[in-house]
Amino acid sequence: MLTFIADSGYGQAEDTTVSFSKLKNMSLEELMNIEVTSVSKHPEKLTEAASAIQVITQEDIRHSGAKTIPEALRLASNLQVAQVNSNQWAISARGFDNVLANRLLVLIDGRSVYTPLYAGVFWDVQNLVLEDVDRIEVISGPGGTLWGANAVNGVINIITKSSADTKGLFVEGAAGSDFPGLGSIRYGGQIKNDLSYRVYATGFKLGNTIDTNGTTANDQWPMFQGGFRIDWNTSKKDQLMLQSNLYTGNPNPNAVDTPVATNGDNIMVRWNHTSSERSDFQLQAYYDHTYRDFGSSLSEALRTYDIEWQNKNLIGQRNTVTYGTDFRAMDDSVTNLKLLGFFPGHKMLYLYSLFVQDEIMLAKDRLHFTVGIKDEHNSYTGFEYQPNARLAWTPSKSQTIWAAVSRAVRTPSRIDRDFAEYITTSLPPLLKGDSSFISETVVAYELGWRYEPIENLSVSLATFYNVYDDVRSAEPGPPPFFIPITIGNDVKGNTYGVELSATYQLTSWWNLRGGYTYLRKDLSVKPGTVDLNHATAESDDPESQLLIQSNVKLPGRVEFGTVVRYVDKLPQPYVSAYTGLDMRIGWELSKVIELSVVGQNLLDNQRIEFIPASPAPREIERSIYGKIVCRF
């Protein structure tokens, strides 16, 4: 842990606008009219959303050959995604990327996968049958007004298909170089016209990476998960969804004899009710249990209980008001080591909030103004407010211009407040959290433009300027030993940049999509304070990124997909720039059987993408694997 310091709502509701089978054959114009839900917590056209949002569709994922959720997230050009080793990833938006990045809120079907241990995501236990993912909505920029604390630099909303769209038997198997294997089986059925279900099991084992000496590291990653989902339209006005998952895995980031042991389970129920043509609401509740044994007797057990309600009302002819409340209890228990741990070992953390947002139509179908605020209470800093104002102008059917100003917070985690590390019990701690650590803040200014200059081309441009304050620092203690090092809030600064993305349907059989991101950071230590990391420990980000994905459908039911990525150098710790190439060739033998061959990282024998504070750097190797899919 020392090395780490030194260095709800309609957005989760099922999108029934279009089924997956129809999605495969949609034109670009139809694709751009897909309704997204993460920006305003109710369905709206992607082209009219007043936010920097990109959508990764099921087709994008399938053509890319991605094996895991983090690999699929590489397809969003507004994210910084770097593979650290076999099972660790650094994923963020608009900077502040780190293995333990803590400014990005991630949801899977409305269930937050946030951990209060460090206010981030353990990516090595986020798993799904990728065939069951309907789409991934990726917002770069604050989303605190609707989604709450930690939606500072972005929101990732992973939305799976309704069980009504996954009927029949699905089986897949894959294996290849440095890839021992992947297998999934899923069966979906229908009990009656309005009641459907699916059950599934999936597992994989990803191979080892290599260290900088060319020696194979013992960081392979086995993972198993299973679960079910039920969707029931009880009436024309009511829809119920029940789903549950359980998993177990053994990631080994440190390549030691005893890997990390993880397991967990969750269950969620959601009720959508349409009260009238002008009003509807959603009630959702979930329980999530996770356990992680870090080795050396340090472990964490977390139980999360969450219930959320929200309502949407049309008031008059011009106002759409969305409001709601959320309550979350997190029962966190840590088994500490003698010289390292979290004190107290057991802690109950509570989070409750109220939010309201009003979308005002200033000119019919042309000008919309949205204003909202969330007032959220957490166990560490009390009430935190997160306001938001957005303006969207649609001068013509082919373009939308939008602007936004918002404030969001990253609330304290247990490592900020409760952590301590000792050299010996007879001396003060070497490193400790601070009970006065406050929330980190950002005030973001955004300006964007979406344009369809011709029928088959869509372009999106987003610019941003973010002002950060009270960012985490490492303060030295008094002389002569300068211990304890205390976690503080002594870094401030700003970031600014441009995000460009485009989709081009060249022909009925050839689609191009991609984007370019430019990011600059200027972080500094506040006057009169000291940070041992000199305002560098919180992130290691590329200045420029470029993504191009090509999906081609050839005669004879053959598909050819390529993904080209350019990632600029990382400044500190320094990592060289690289260009990556992934390719997939798929052949649909029949309506039942599909074969594919995927090559990943084809331009390099091996490369380093990110250097964490610990463990030692790992090199990601070129790999090739084959896959067979059967659908009955």
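Note that the structure is a prediction, hence the values are computed from the model and not measured.
- A salt bridge is absent between R135 and D60; no separation between the charged side-chain nitrogens and carboxylate oxygens falls under 4.0 Å.
- Listed by chain and residue number, I185, F224 satisfy the side-chain contact (heavy atoms from CB on, under 4.5 Å) test with A201 (two or more places apart in sequence, or in another chain).
- The one candidate from L104, N157, N78 that meets the side chain to side chain contact (heavy atoms under 4.5 Å, CB included) condition with V138 is N78.
- For S333, the side-chain contact (heavy atoms from CB on, under 4.5 Å) partners two or more places apart in sequence, or in a different chain, are D331, H346.
- Side-chain atoms of T335 and S299 include a donor-acceptor pair closer than 3.5 Å.
- Among residue pairs with one or both ends in residues 197-209, those qualifying as salt bridge (Lys or Arg N to Asp or Glu O under 4.0 Å) are D132-R198; sequence neighbours excluded.
- To the nearest 0.5 Å, the span separating OG on S163 from CE on M241 amounts to 9.5 Å.
- Under a 4.0 Å N-O distance rule, the pair R584/D582 does not qualify as a salt bridge.
- For residues 119-128, the pairs satisfying salt bridge (Lys or Arg N to Asp or Glu O under 4.0 Å) are D124-R292, with sequence neighbours left out.
- Residue R62 forms a salt bridge (Lys or Arg N to Asp or Glu O under 4.0 Å) with just one option from E588, E594, E131, and that option is E594.
- Aromatic ring centroids of W221 and F204 lie under 6.0 Å apart.
- Remark: Y305 pairs with no residue by the side-chain hydrogen bond (donor to acceptor under 3.5 Å, both in side chains) rule, at least two apart or across chains.
- Partners of N233 by side-chain contact (heavy atoms from CB on, under 4.5 Å), not counting sequence neighbours, listed by chain and number: D194, Q239.
- By the 4.5 Å heavy-atom criterion applied to side chains, E559 and N551 are not counted as neighbours.
- Using cut-offs of 30° and 60° on the angle between ring planes, the pair H289 and Y287 is parallel.
- Between E300 and R414 no salt bridge is recorded (no basic side-chain N to carboxylate O distance below 4.0 Å).
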